[in-house]
Amino acid sequence: MLARASTLEPFDLLAQTYINQKYEDGVLNHQTIALLTGDGLSVINSVLRPGKTLKGFAILEDRNRNYVQLSEAALGFVVLPTTKRGDLSEKLIGKARKSLLQWGDFDHLAADRDAVEKLVKAGLARKEKGINILLYGEPGTGKTEFSAVLAERLGAKATYVGETDDQNGEPNRLERIASFALKQSIAARSANLITVVDEADDVFLGVDAGSGRDRTGSKVFMNRLVEECAAPTIWITNHPDRLGPAVMRRMSYAMRFPKPGLVRRAVIASRVAGRQRLKLDAKDVQRIAQLDVTPAILSSALRTARLVDGGVDAVVATIRSIQTVLGTPTSPMTSTSRSFDASLSKADIDLDHLTVRVLAAQDRGLTFCFHGLPGTGKSAFARHLAERLDIEVVEKRASDLLSMFVGGTEKMIAHAFEEAADRHAMLILDEADSFLRARSNAERSWEVTQVNEMLTRMENARNPVVCTTNLLDSLDPAMLRRFLFKVEFHAMTSAQARAAFLLYFRNEAPKALDDLEMLTPGDFALVARKALIMGYDEPLKLIELLRDELSLKPGVVTTRIGFLN
C-alpha cells in the first residue's frame with residue numbers, strides 16, 4: 001500500500017482524502033492505513049511498533065507522530081525500470097566480486113579455512129538457518145577477499161550488505177539493516193547465496209552497551225537477526241569486542257586473520273606479482289617478503305609498481321610510504337649472523353654450547369631472560385638463536401606494549417603472543433623491566449594485572465620467548481621463575497676488545513685499549529659508524545671515541561694515565 005502511495009498519484013490522492021490534510025507524497029498515518037486495509041487500528045499500531053519487522057528492518061520509516069513512509073532502500077526496488085531477471089538480480093544481489101587472491105593464499109589458516117568451507121557448504125546444501133561465520137583480525141589481512149574466494153570455490157554467489165545507499169552514498173545503520181533483511185529474504189528463496197556483512201561492528205555498535213544514550217538498537221531484535229539468518233552469513237570486523245558477547249555466542253564459527261609470516265608473504269608476493277604481470281626474480285620476492293605487511297598493502301604495492309612500470313624498488317617504496325602514514329614504519333630484516341659474534345660476547349654460560357643444545361631440543365616452548373649491561377649483545381643473541389632455529393622473530397619494545405588505557409597493555413601483551421604463535425616465531429620482548437616490575441612494589445592495579453597476563457601467556461607459550469633487561473632486580477620474582485634460562489651478559493674481556501678493534505677498524509689495537517674497561521660490542525658498533533661518517537681512522541682517535549662512550553656509563557672511570565700508545 002505504501003509502495004502504491006509513493007508511486008501512484010491517484011492512490012496517493014485517495015489516501016490523503018482520509019487524512020483530510022495535504023501531506024508529503026507517500027506518507028500515511030496509522031489510521032489511514034487501518035481504513036485502507038480494513039484492519040483495526042490496534043492491529044496496525046502493533047505491526048508498526050519500533051523493533052517490529054517493518055521498522056526494525058528499515059522497510060518503513062517514521063516521518064512524524066503516527067506517520068510512516070516506505071524507506072528509500074525499499075522504494076528503490078519498487079521503482080526498478082526493468083523486469084529482466086539479470087538486471088533485477090544485479091540490483092538486488094549486486095555484481096559478483098572477483099578476488100585477487102586464491103584458496104592457496106590462505107594455506108597459513110588451513111585448519112580454520114577448511115572448517116569454514118565445510119560448514120558453509122553444509123548450510124547451503126541443507127538450507128540451514130542461523131549459520132553465522134565471524135571473520136576478524138587486523139585490517140588488510142584478507143577477510144573480505146576470503147569471503148569472495150570462498151563463494152567462488154563453493155560455486156555460490158556472495159552478496160555484500162549495505163555498502164552504499166540508493167544514491168551510491170554512505171548508508172546509515174538502518175539502511176544497512178534494511179539491505180540485510182532484503183537480501184536474507186532473497187536468500188531464503190534462492191540457492192547458493194552467501195550474505196556478507198563487512199564492517200559488521202557498524203551494525204551492532206551500541207546494541208550491547210547497556211541502557212541509555214549509548215544504545216542504538218534493540219538487543220533482542222539484533223540477536224534474533226543473527227539467529228534467523230536464512231542463508232549462511234559472514235560477518236567481518238576488525239573489532240570483534242564491539243559486537244558484544246550476546247552476538248558472539250550466536251556465531252557458528254570464528255576465524256581469526258593474523259598477518260602472514262615471512263614464508264607466506266613470499267608466496268603471496270610471488271602469486272600476486274604473476275597476476276599483475278610484474279616480473280620479479282626470487283631475490284626480489286624475498287626482499288619484498290622481508291617487509292612485515294598485510295596482504296592488502298602487499299597487493300596494492302605490487303599493483304602500483306605495475307602501473308608505473310616499476311620493479312622491486314617501486315614495490316618497497318610504496319609499502320614504506322603506506323606504513324609510514326599508518327604509523328608503523330618497517331624496514332627489512334637484516335642477517336643476524338653478521339650482527340652477532342659469540343666470540344665477542346661474554347656471558348655466564350657458553351653461548352655456543354647453549355645454541356647447540358637449543359637446536360637439539362624437541363621442546364620449542366623455551367623461555368629465556370637475557371640481562372646485563374646495555375650493548376652486550378642480548379637482543380642480537382636472541383635474533384641469532386632464531387636464525388639458527390630457522391624461525392621468524394616477532395620483536396616488541398616497551399613502547400609497543402605499554403598503553404595509556406586501562407587493560408590496554410594486557411591486550412597488547414596477549415596480541416604479541418598470539419602474533420608469535422601464528423607465525424611459529426620467537427617472541428623477543430625488549431626492555432621487559434618496563435612492564436614486568438615486581439608486583440609487591442605496584443602502586444596501581446594495572447601494574448599487577450599486566451604481570452599476571454604475562455605469567456599466563458608465558459606458561460602457555462609453545463614457541464621461544466626471550467625477555468631482555470638491564471635491570472634484572474626490578475623484575476617480579478614469579479616472573480623470573482618462569483624463565484628456563486637466565487643468562488647474564490658481561491662487558492668484554494681485554495682479549496675480546498682487541499679482537500673487536502681489529503674486526504671493526506681493520507687495525508691492531510693500541511696498548512691504550514687495555515686501560516678501557518666495561519667495553520661492549522655495542523660500543524664498537526656505534527663508534528665504527530661514527531668514525532665512518534667523520535672520516536676517522538687513526539687508532540688513537542678511535543680510542544678517544546671509545547673512551548667518550550664509556551664516560552657516559554654510570555660508575556665507569558675513564559681517567560687518562562700516561563701517554564696513549
Side-chain angles (χ1 to χ4, degrees), residues 336 338-355 368-385 397-398 428-434 436-437 466-475 480 483 485-534 536-565:
T336 59
R338 295 181 181 178
S339 58
F340 181 81
D341 184 341
S343 68
L344 299 181
S345 290
K346 182 183 178 185
D348 59 0
I349 188 173
D350 186 326
L351 298 179
D352 284 331
H353 180 68
L354 176 61
T355 301
F368 305 84
C369 178
F370 296 157
H371 60 99
L373 293 172
T376 47
K378 301 182 292 295
S379 298
F381 179 61
R383 291 189 289 270
H384 172 73
L385 268 181
R397 295 177 175 81
I428 301 178
L429 301 174
D430 282 326
E431 308 163 19
D433 48 279
S434 299
L436 296 179
R437 292 191 178 92
V466 178
C467 289
T468 70
T469 178
N470 304 328
L471 303 170
L472 182 70
D473 293 341
S474 67
L475 265 60
L480 286 174
F483 293 113
F485 295 98
K486 292 174 275 289
V487 180
E488 183 175 7
F489 284 70
H490 302 285
M492 307 170 83
T493 63
S494 295
Q496 287 176 324
R498 286 186 167 275
F501 196 97
L502 179 61
L503 177 67
Y504 279 93
F505 306 128
R506 301 290 188 268
N507 271 307
E508 292 289 341
K511 186 178 179 181
L513 182 66
D514 296 335
D515 296 330
L516 303 183
E517 299 180 351
M518 306 298 286
L519 285 169
T520 68
D523 296 327
F524 280 95
L526 190 147
V527 168
R529 286 187 62 198
K530 184 187 294 185
L532 179 64
I533 293 172
M534 298 302 294
Y536 298 149
D537 57 6
E538 303 90 344
L540 295 184
K541 181 61 178 178
L542 297 172
I543 292 293
E544 184 180 340
L545 293 177
L546 287 169
R547 179 180 285 106
D548 290 341
E549 291 303 317
L550 288 176
S551 67
L552 300 176
K553 297 181 180 182
V556 177
V557 179
T558 59
T559 305
R560 291 181 173 84
I561 301 176
F563 294 100
L564 295 176
N565 54 56

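Residues take their numbers from the sequence shown, with the count starting at 1. Computed over heavy atoms, backbone and side chain alike; hydrogens, waters and symmetry mates excluded.
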Q) Okay, side chain of Lys486, backbone of Leu480: is any donor-acceptor separation there less than 3.5 Å? A) yes

Q | Leu344 side, atom CG; Thr493 side, atom OG1 - distance, nearest 0.5 Å | A | 9.0 Å

Q) What heavy-atom pair brings Leu373 and Asn470 nearest, and what distance separates the two atoms? A) C-OD1, 4.1 Å

Q.
For the CZ atom of Phe483 and the CG atom of Leu475, what is their distance to the nearest 0.5 Å?
A. 6.0 Å

**Q.** Ring geometry between Phe370 and Phe368 (parallel below 30°, tilted from 30 to 60°, perpendicular above 60°)
**A.** tilted

Q. Given side chains that start at C-beta, do those of Ser345 and Phe381 come closer than 4.5 Å, heavy atoms only?
A. no

Q | His371 and Glu488, any side-chain heavy atoms less than 4.5 Å apart | A | yes

Q) Can you find a pair of side-chain heavy atoms, one from Phe501 and one from Leu542, that are under 4.5 Å apart? A) yes

Q) To the nearest 0.5 Å, how far apart are CG in Leu519 and OG1 in Thr376? A) 12.5 Å

Q.
So if I apply the side-chain contact (heavy atoms from CB on, under 4.5 Å) rule between Cys369 and each of Val466, Val487, Leu472, which one comes out positive?
A. Leu472

Q. In Å, rounded to the nearest 0.5 Å, how long is the span from NE2 of His490 to CG of Asp348?
A. 5.0 Å

Q: Mind listing the closest non-hydrogen atom pair of Ala509 and Leu513 along with its distance?
A: CB-CD2, 3.4 Å

Q: Check Pro521 against Tyr504 and note the closest heavy-atom contact, atom names and distance.
A: O-OH, 4.0 Å

Q. Does atom CZ of Arg498 have more than 12 heavy-atom neighbours from other groups under 6.0 Å away?
A. yes

**Q.** Glu431 vs Thr468 side-chain heavy atoms within contact, under 4.5 Å
**A.** no

Q | 4.5 Å side-chain heavy-atom contact, Ile349 and Leu351 | A | yes

**Q.** Evaluation steps, side chain to side chain contact (heavy atoms under 4.5 Å, CB included), between Phe524 and Leu503
**A.** CA-CA 10 Å; Phe524 280 95; Leu503 177 67; over 6 Å; no

Q) Is the shortest heavy-atom distance from the side chain of Asp548 to the side chain of Lys530 under 4.5 Å? A) no

Q: Taking all non-hydrogen atoms of both residues into account, name the closest pair between Arg383 and Ile428 and its distance.
A: CG-CD1, 3.8 Å

Q: Working to the nearest 0.5 Å, report the span between CG of Asp341 and CD of Gln496.
A: 9.5 Å

Q: Taking all heavy atoms of Ala491 and all of Met518, pick out the closest pair and write down the distance.
A: CB-CA, 3.5 Å

Q: Go through Asp433 and Ser474 one step at a time and tell me if the side chain to side chain donor-acceptor pair (under 3.5 Å) criterion holds.
A: CA-CA 6 Å; Asp433 48 279; Ser474 67; 5.0 Å; no

Q: Return the minimal non-hydrogen interatomic distance between Leu550 and Asp523, and the atom names on each side.
A: CD2-OD2, 4.1 Å

Q.
Just verifying a value: how many Å separate Leu546 CG and Asp515 CG, rounded to the nearest 0.5 Å?
A. 12.5 Å

Q) Taking side chain as C-beta onward, heavy atoms only, is Phe505 less than 4.5 Å from Pro539? A) no

